[in-house]
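Note on naming: letters A, B, ... go to the chains in the order of the sequence lines (proteins, then strands), and numbering restarts at 1 for each one.
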Amino acid sequence: MILSILSEKRLSHLNKPNNTYFRHCLLPLSFPYEYNPITVILPVKEIAKAYIPGENEGDISKRWLDSQIGKAVGKSKKNAFTIVMPPPNVTGALHLGHAITLTIEDILVRYQRMQGKDVLWLPGTDHAGIATQNVVEKQLLEKGLSREDLGRERFIQEVWKWKDIYHKRISEQVSRMGASCDWSREAFTLDTARSEAVNHTFVKLYKKGLIYRDTKLVNWCPRCQTVISDIEVEHREEEGNLYFIRYFVSATDRSVCISTTRPETMLGDVAVAVHPDDPRYKEFIGKELILPIVNRIIPVIADKRVDMKFGTGAVKITPAHDPLDAEIGRDHKLESIVVIGPHGRMTKHAGRRFKGLPLTEARKAVVKYLDDIGNLEKIVKHTHQVGHCSRCDSRIEPLESMQWFVKTKPLAEKALKSYKKGDFEFIPGRFEKEFTRWMEEIRDWCVSRQLWWGHQLPVWYCKKVPIWKDKRKQAKEGCQRVIVSEKEPKACPHCGNLSLVRDADVLDTWFSSGLWPFTTLGWPKNTKDFKTFYPNTVMETGYDIIFFWVARMIMLGLEMTGKAPFKKIYLHGLVRDEKGRKMSKSLGNGIDPLEMIEKYGTDALRLTLTVGSTPGNDLKFSESKIEGQRNFVNKLWNAARYTFLTLGKNPKPVAQATPHGLPDRWILSRYNRLVVEATEAFDRYAFGEAAAKIQDFVWHDFCDWYLELTKEKPNKKLLSYLLVNILRLSHPFIPFVTEKLWENFYPINPKSKAKPKLLALDKWPKGSKAKINLKVEEEMEVVLTIISQIRSVRSEMSVEPGRKIAAIVYAGKHEAFLKKQANEIKKLARLASLTVKKSGKEIENAVAKFEAGLEIYLPLAKLLDPKVEKKRLKNDLTEAQQYLSVIDKKLANEDFTSRAPQNIVDSEKAKKAEVEEKIRKIEERLKILG
RNA sequence: GGGUUUGUAGCUCAGUUGGUUAGAGCGCGCCCUUCACACGGGCGAGGUCAGAGGUUCGAAUCCUCUCAAGCCCACCA
């Protein structure tokens, strides 16, 4: 239980009715203190003591939706800032991957909006072909139904029902993240507009010869019962066996030994290949071998692609089931014998003995058979890469079949050219290499899928279809031509036949995603949105889908619109668990962002996903991190609460304020520095850096120092000015709490018809470099040093916190401004009196500190033990001497003094003088102490 | 096999174009019921910047190599 970890002391503190604390923890039944949280009456205050996200986020979210803060105007191209949301799948719930995407994009978008840009952040969802079909099928299975039971039409209806539910759910969750997107332009990859655009694209590419149909070796997932593209195959190292099998030369007792990892495929062997230069096999080339079990006569062929060093140097050729074999088979005009069928079972071509056997059993049977007839030479352990389906993890079977392909070479060439021209860039830049290499080595993209859920190919066949599974079944009637058309043809344009059949396959999900940056804007119609918002300004997504998505968008965008679809590609890293592992269902280490939102608030979650993260680098997520960010949000809340309490009723946001004293001038300088630096970081897309800077300012400069320094005599106008701008600066990161606090400046009147003045629609502050005042910052540094030094001594000497002591400071050149800060110093250092003089006599019976050219004396007569003080001084002395030796070493180096820039040398000299002075002072002091 | 990233305090990470006595948060130790905040405040301990060379007056930062971890790509049966 939470309370069990609290110390005794903290519990005693809790005896005070501290409502806010108890709202956050459940009380154990055995709670040892008499305290009943139910009886606690909240103190009547305008602003709660602690920020409770759950009580505010809903209202604020609604306020944003009602005010349509995300709605883009769409008038001028010049001022447009466009980003389309990577569409979440309609398969399930929000996960941390979505959370980081939405957070980064929302930060970017809110910042740009505050900068006055006409921002379009276009939301949408993805029909996610295989993924969605799989979940719906799974659901049906629970009712004991298969998709075949329902039939295509009814099954698709089921999926649409599912889509409606999950689409609503995911959209709500997107809003919960604070995403300020333009819901009025929401799109779905499978809605009418997008489907028409997909058909249009397919037909165009076909007519240009960039889409074709061919029989090739493809990746077949026996579980999903569909073909998948090369990049959907995940290669994983697996331990297996290497089988050595002897093939005899026809009518002799000589033989060739081959090695294979998949002995069952030998049933489909059509040759054995060796390297032409391999002396071991030169004499065998052209000879005929007897394929064991099958007893087929197969030739020994020579091919340079054979690796002499692997295994025996002789390789069996099975064109139907291995990519390299398929190539070699094609070049040597070999037959291809399909022995493995689409369900992962052996076909009739494998022979009566093996037909119908699942692969694993077929392997056992083949191996046993070979062993029995004496052709199995040996079996050795062997690790190798095995392809798995990225959707269901089944082993992929390379199968030969007729599919539709996109000819990618010409598209990739355009993409590379456009990249070299500088049309778009990657953030971080290193992904450029990955992108260009992939483009250079690209292979054709298999786009047809044997699924039901998706864009059915706009393809018809005259008369009966050559069914992909078995091309032998081609019908004899009709002209058998292929008709590719945006609209359903009534008759065959070639022969007038009225009997047409539509291709049953659907398109790869990524085909429609690849068009997303422009189909969402109304393309292929030349809409106003398309004219205004295309190309997009930024594409933001995870680096794990560069090839799946980013590359395809670029290729298809260039081909279809003539322009690269976006100018910048920002790639974020993956969210991992605290140990750096990928989050996965099987590991059970997944963190539910919604649970985190419930517990800590959306703002805290957003900060956790951005602060201290850099683009392209993975991020470890842990609950202790989000807890820390929740604490920050609360800190800001309380700083604001203090400010509002100070400002009194009806606080006014102030646009300008005059500084009264050093702390005022200092905080203004620091504030301007912050705005300049944070804005600059934002413009570099360094969001993590900007967030850290803002956070640092709020927590340390503002709360720890400025508020404390000015509590006696707060400059109300300046306080208001600072808070207003802190809210603006932090708003992109933590929109909820800042919008809530903003309400105190611009109260929400539910009865009023006037639009509320929302922070989300306010302006980003302008900082000025000219207002960064180095002199003021240096002076303040001295003040802060004094306070820290005195606090440090107090702590070291165990002076009770309540006890006020005296201090004397000989300030030298700092005297003038220090005198003016005496009150602040007294307060923060808890002093009864403070004397500031230019210089003076050494003070006896006092603790002495020599820092920053100052002499600080704390007469603690009664507390002072000369021995302890001597020890302390000696420590200070050694430290100073060590530092001096470092500087001396530098200055003694003639190369340094002659070659380093003068200002560097000067500053070293100044440091030296200061340390020497310090050492002198400490030594004197030690003399006095004896 | 090729490519790439990372290695900085016990943990998670910052560290701009080379010039700091190397920083933050969490954790740890001591102290604090001061009325914005205990989801807080103060003070403190803790680091040969993975290792070895090199460039330079000067390297956590640039170069080379080594080691370790991760990721991506690749048709070695």
field: Whole angstrom value for the distance that separates P of G27(B) from CD of E627(A)
entry: 7 Å

Same-atom distance (C1') from U17(B) to C62(B), integer angstrom: 12 Å

message: Given the structure, check if the side chain of K635(A) and the base of C37(B) hold any donor-acceptor pair shorter than 3.5 Å.
response: yes

task: Looking at every strand, decide which applies to A692(A) at a 4.0 Å heavy-atom threshold: base, sugar-phosphate, or nothing.
output: nothing

- line: Answer for the Watson-Crick or wobble partner of U6(B), both distances under 3.5 Å, is A68(B)

- prompt: Given atom CZ of R430(A) and atom P of U4(B), what is their separation to the nearest angstrom?
  reply: 11 Å

task: Using the P atom as the reference point in each nucleotide, state the distance between A14(B) and A50(B) in Å, no decimals.
output: 14 Å

task: Taking atom P in both A45(B) and U64(B), compute the distance separating them and give it to the nearest angstrom.
output: 39 Å

task: Between G19(B), A36(B), G42(B), spot the one nearest the side chain of N638(A), thanks.
output: A36(B)

message: Could you tell me how far C49(B) sits from A9(B) if I compare only their C1' atoms? Round to whole Å.
response: 10 Å

Between S622(A) and K620(A): side-chain donor-acceptor atoms closer than 3.5 Å: no

- request: Among C43(B), G41(B), A36(B), find the nucleotide with the atom closest to the side chain of S795(A).
  value: C43(B)

- prompt: In the structure shown, which nucleotide is the Watson-Crick or G-U wobble counterpart of G44(B), with both distances under 3.5 Å?
  reply: C28(B)

R437(A)/E434(A) ion pair, N-O < 4.0 Å: no

field: Base-pairing mate for U20(B) - Watson-Crick or G-U, with both contacts under 3.5 Å
entry: none

message: Regarding P398(A), tell me which of base, sugar-phosphate or nothing describes its non-hydrogen contacts under 4.0 Å with the strands shown.
response: nothing

message: Between R262(A) and E397(A), does any side-chain N to carboxylate O distance fall below 4.0 Å?
response: yes

field: SB check E680(A) K693(A) (cutoff 4.0 Å)
entry: no

task: Report which part of the nucleic acid D544(A) touches: base, sugar-phosphate, or nothing (heavy-atom distance under 4.0 Å, all strands).
output: nothing

field: Separation of C32(B) C1' from R830(A) CZ (nearest whole Å)
entry: 10 Å

- line: Given the options R395(A), H384(A), H382(A), Q385(A), E238(A) meets side-chain hydrogen bond (donor to acceptor under 3.5 Å, both in side chains) only with R395(A)

task: Just compare U21(B), C43(B), U12(B) and give me whichever is closest to any side-chain atom of K620(A).
output: U12(B)

message: Any side-chain N or O of K49(A) below 4.0 angstrom from OP1/OP2 of C37(B)?
response: yes

query: Just checking K711(A): base, sugar-phosphate only, or nothing, at a heavy-atom cut-off of under 4.0 Å?
result: base

field: Which residue lies more 5' along RNA chain B, comparing W705(A) with E578(A) via nearest heavy atoms
entry: E578(A)

query: Within 45° of the ring axis of Y883(A) and under 6.0 Å from its six-membered ring centre, is that where the NZ or CZ of K911(A) lies?
result: no

message: Each nucleotide in nucleotides 69-77 of chain B should get exactly one letter: B, S or -. Can you fill that in based on protein heavy atoms under 4.0 Å?
response: ---SSBBBB

- prompt: What's the closest nucleotide to the F896(A) side chain, out of G19(B), G41(B), U12(B)?
  reply: G19(B)

message: Categorize H321(A) for me: base, sugar-phosphate, or nothing, with a 4.0 angstrom heavy-atom threshold over every strand shown.
response: nothing

- request: Measure the spacing between CG of D322(A) and CD1 of I317(A) and express it to the nearest 0.5 Å.
  value: 7.5 Å

field: Step-by-step ring pair (Phe, Tyr, Trp, His ring centres under 6.0 Å) determination, F733(A) to F682(A)
entry: CA-CA 12 Å; F733(A) 301 98; F682(A) 252 111; 5.6 Å; yes

Nearest-angstrom distance from the residue atom CZ of F632(A) to P of G40(B): 12 Å

task: Indicate whether any N or O donor in one side chain lies under 3.5 Å from an N or O acceptor in the other, for E851(A) and T785(A).
output: no

- prompt: Which part of the nucleic acid, if any, lies within reach of Q629(A) when heavy atoms closer than 4.0 Å are counted: base, sugar-phosphate only, or nothing?
  reply: nothing

field: Interatomic distance, N634(A) CG vs G41(B) C1' [rounded to whole Å]
entry: 14 Å

task: Find the partner of A59(B): check Watson-Crick (N1-N3 plus N6-O4 or O6-N4) and G-U wobble (N1-O2, O6-N3) distances, both under 3.5 Å, and reply none if neither fits.
output: none

query: Whom does U33(B) pair with, Watson-Crick or G-U wobble, provided both distances fall under 3.5 Å?
result: none

query: If you check every side-chain atom of H700(A), which of G40(B), U5(B), A24(B) has the closest atom?
result: A24(B)

query: Which part of the nucleic acid, if any, lies within contact of T614(A), taking any heavy atom under 4.0 Å across all strands shown: a base, the sugar-phosphate backbone alone, or nothing?
result: sugar-phosphate

task: If G1(B) has a Watson-Crick or G-U wobble mate with both distances under 3.5 Å, name it; if not, just say none.
output: C73(B)

statement: Rounded to whole Å, CD of Q695(A) lies from P of U12(B) at a distance of 19 Å

